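Below, chains carry the letters A, B, ... as their sequence lines are ordered, and counting in each starts from 1. Values in this document were obtained by computation on a predicted structure and should not be read as measured data.
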Number of protein chains: 2
Amino acid sequence: MVSVATWNINSVRLRLPLVEKYLREEAPDILCLQEIKCQEHQFPAEALAALGYEHQAVHGQKGYHGVATVSRLPLREVSRHDWQDNGEARHVGAEIIGKDMIVENVYVPAGGDVPDREVNAKFGQKLDFLERMTRWAGSIDRPTLIVGDFNIAPLESDVWSHKQLLKVVSHTPLEVDTLQEFKDAHGWTDIGREHIRDPERYFSWWSYRSPDWRKNDRGRRLDHMWASPDLARQAISHRILEEARSWEKPSDHIPLVTEFAL
Amino acid sequence: MVSVATWNINSVRLRLPLVEKYLREEAPDILCLQEIKCQEHQFPAEALAALGYEHQAVHGQKGYHGVATVSRLPLREVSRHDWQDNGEARHVGAEIIGKDMIVENVYVPAGGDVPDREVNAKFGQKLDFLERMTRWAGSIDRPTLIVGDFNIAPLESDVWSHKQLLKVVSHTPLEVDTLQEFKDAHGWTDIGREHIRDPERYFSWWSYRSPDWRKNDRGRRLDHMWASPDLARQAISHRILEEARSWEKPSDHIPLVTEFAL
DNA sequence: GTTTCAACGG
DNA sequence: CCGTTGAAAC
């Protein structure tokens, strides 16, 4: 059995107590964090090692972005893709020793406000990032799990209002199509949606700007766990921790976890 | 009996819990705050009124400086001097209704790093401020108490090292002389030094930068309470609360309080 | 060292 | 709304 979790933590230093709480209470074997917002030497490596997560692959940068995979199982960092080719720390790949699984931890760019690559360079960069991921996906030759903040909610049931979000970055048809191309390039299985099936409501993020997140529930599913076909068949459970959105000083994202019969 | 306190609070919003603690435990009739660092609409008026300090004269500005006098006794704001003539909120004057006392609450500019008006405009502004106060002092015709952060430590026993601070802004002979001219212009009595007499050590401020403030004790007396001659004769006690420098997330200044037989 | 602001990114 | 940086001020 191997359990893998993913969580956009929005500053791992500020929210170290929440990460510790999560690891203590949920105890996944592997936790993939995005938006750690720190450099590698600032990552709370000892605090997480003290909880048993002594195997770590951290790709940080100053102030923005940054991803980290921490694990109770031995792990070897195998890649740091820069799919935007701009030096931002948005990916780290790790091999889980003795488990025939590669864990790709990714933080797709948010893409700015205007869904038009002509007027908003960030939107173009987001699409470029996905297109380069798609090219990369064709070369995968080992059972792979890719998780993280994809910053796209592909299904109607992935957002609180399909109609109101059609022109909002994260749910535009162009982004959804571009993500679908990535999906097809390797035949990924969307594990989350295998277990919480469309059209059931499934959100992983609620904006800080929208007050009373539980009552108004204006969420989106921006975080994902996708597996290679063979690996996906080993996924035996998947759950999300909505209550984490109500913790003291929360991240705007919640953790997702999948258990594999490995 | 009327007790008046003064405290440079270094952000009243951030340190509201400390102000509340002080008011609950020491219960002066009047508290003069400096460096409230907020606009008037942001001042925690209700919280202080709830403790009985419902009479308030607040002169705030965005982000910097700002003074406030809060009182359990009825009070009427009577002046807001701009002795720098640059719009900064560094003074508020209030009449204590039925007590024949004007309370002038002042925050003298710090004066920058270099004690030379030619190379450091802020030092010149500080001296200008004091000179304009001196001219104003000649016109005082009612029993007056002037308190606040004067940003000058005039006596040798007002600093941890007279020799090492002779060229440090706050203790230069030029500042001390300029302050003395202000003192002479009205015949102010330095109430603090009436009760904790030179050459006894008397500090009201310890820099955040100097670690272990209690052990190294590199303090200065920057905060003062000066009274008109007749009023000074009514001062029956004066004390300082050094322990406030050790409170959680403290101001770098401590509160001073004087009790008057009025 | 501590707090403020402004800018940026989300 | 929340977090980061970097400058300015004390």
Side-chain angles (χ1 to χ4, degrees), chain A residues 8-16 18 34-39 42 60-66 86 88-90 107-114 120-123 125-126 149-151 168-170 205-213 216 218 220 222-223 245 247-253, chain B residues 8-16 18 34-39 42 60-66 88-90 107-114 120-123 125-126 149-152 168-170 205-213 216 218 220 222-223 245 247-253:
Chain A
N8 179 318
I9 194 61
N10 188 14
S11 177
V12 71
R13 285 177 294 173
L14 204 65
R15 279 185 246 289
L16 176 59
L18 299 190
Q34 301 86 41
E35 282 209 85
I36 61 172
K37 288 189 173 174
C38 67
Q39 293 170 297
Q42 302 170 314
Q61 76 175 75
K62 187 173 180 172
Y64 297 102
H65 324 309
N86 66 355
E88 291 179 358
R90 294 181 174 275
Y107 174 46
V108 175
D113 286 333
V114 182
N120 170 19
K122 285 182 193 160
F123 191 72
Q125 287 177 316
K126 180 179 191 172
D149 179 359
F150 290 13
N151 265 315
V168 172
V169 174
S170 74
W205 172 88
W206 292 260
S207 170
Y208 287 123
R209 296 180 220 192
S210 175
D212 217 340
W213 74 276
N216 297 316
R218 300 198 164 184
R220 306 180 204 169
L222 302 181
D223 301 275
R245 186 62 178 78
W247 288 352
E248 183 85 1
K249 284 255 168 201
S251 169
D252 43 355
H253 295 252
Chain B
N8 178 318
I9 194 61
N10 187 14
S11 176
V12 71
R13 286 177 295 174
L14 207 62
R15 277 184 251 288
L16 176 58
L18 271 51
Q34 301 86 39
E35 279 209 88
I36 61 173
K37 289 190 174 175
C38 67
Q39 293 170 297
Q42 302 170 314
Q61 75 176 73
K62 185 174 178 173
Y64 297 101
H65 323 310
E88 291 180 357
R90 295 182 173 276
Y107 173 46
V108 176
D113 286 333
V114 181
N120 171 19
K122 285 181 193 161
F123 191 71
Q125 286 177 316
K126 180 178 191 173
D149 178 0
F150 290 12
N151 265 315
I152 296 174
V168 172
V169 174
S170 74
W205 172 89
W206 293 260
S207 170
Y208 287 126
R209 296 179 221 189
S210 177
D212 216 339
W213 75 275
N216 297 317
R218 300 198 164 185
R220 306 179 203 170
L222 302 181
D223 301 275
R245 187 61 178 77
W247 289 352
E248 182 85 2
K249 283 256 166 200
S251 169
D252 43 356
H253 295 252

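B:Leu18 places its CG atom 11 Å from the P atom of C:dT3, with the value rounded to the nearest Å. Distance B:Gln39 CD to C:dT4 C1': 12 Å, rounded to the nearest Å. When the C1' atom of C:dT2 is taken as reference, atom CD of B:Glu248 falls 14 Å away, rounded to whole Å. Atom pair B:Asp212:CG and C:dG1:P shows a separation of 13 Å (rounding to whole Å applied).
Using modelled atom types and a 3.5 Å distance limit, the side chains of A:Tyr64 and A:Glu88 yield no donor-acceptor pair.
Considering only residues two or more places apart in sequence or on other chains, A:Arg245 meets the side-chain hydrogen bond (donor to acceptor under 3.5 Å, both in side chains) condition with none of them. For B:Arg218, the side chain to side chain contact (heavy atoms under 4.5 Å, CB included) partners at least two apart in sequence or on another chain are B:Trp160, B:Ser210, B:Asn216. Every residue two or more places apart in sequence or in another chain was checked for a side-chain hydrogen bond (donor to acceptor under 3.5 Å, both in side chains) with B:Asn151, and none qualifies. For the salt bridge (Lys or Arg N to Asp or Glu O under 4.0 Å) test, no residue two or more places apart in sequence or in another chain qualifies with A:Arg15. With sequence neighbours excluded, the residues forming a ring-ring contact (aromatic ring centres under 6.0 Å, His included) with A:Phe150 are A:His224, A:Trp226, listed by chain and number. With sequence neighbours excluded, the residues satisfying side chain to side chain contact (heavy atoms under 4.5 Å, CB included) with B:Lys62 are B:Gln39. In this view, A:Ser251 satisfies the side-chain hydrogen bond (donor to acceptor under 3.5 Å, both in side chains) rule with no residue, not counting sequence neighbours.
Between A:Ser11 and A:Ser210, the residue anchored closer to the 5' end of DNA chain D is A:Ser210, taking for each the nucleotide with the nearest heavy atom.
Think of the region where chain A sits on DNA chain D: with heavy atoms and a 4.0 Å cut, that region ends 5' and 3' at D:dC1 to D:dG6.
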What string of B, S and - do you get for nucleotides 5-10 of chain C 5' to 3' if you count protein non-hydrogen atoms under 4.0 Å?
SS-BSB
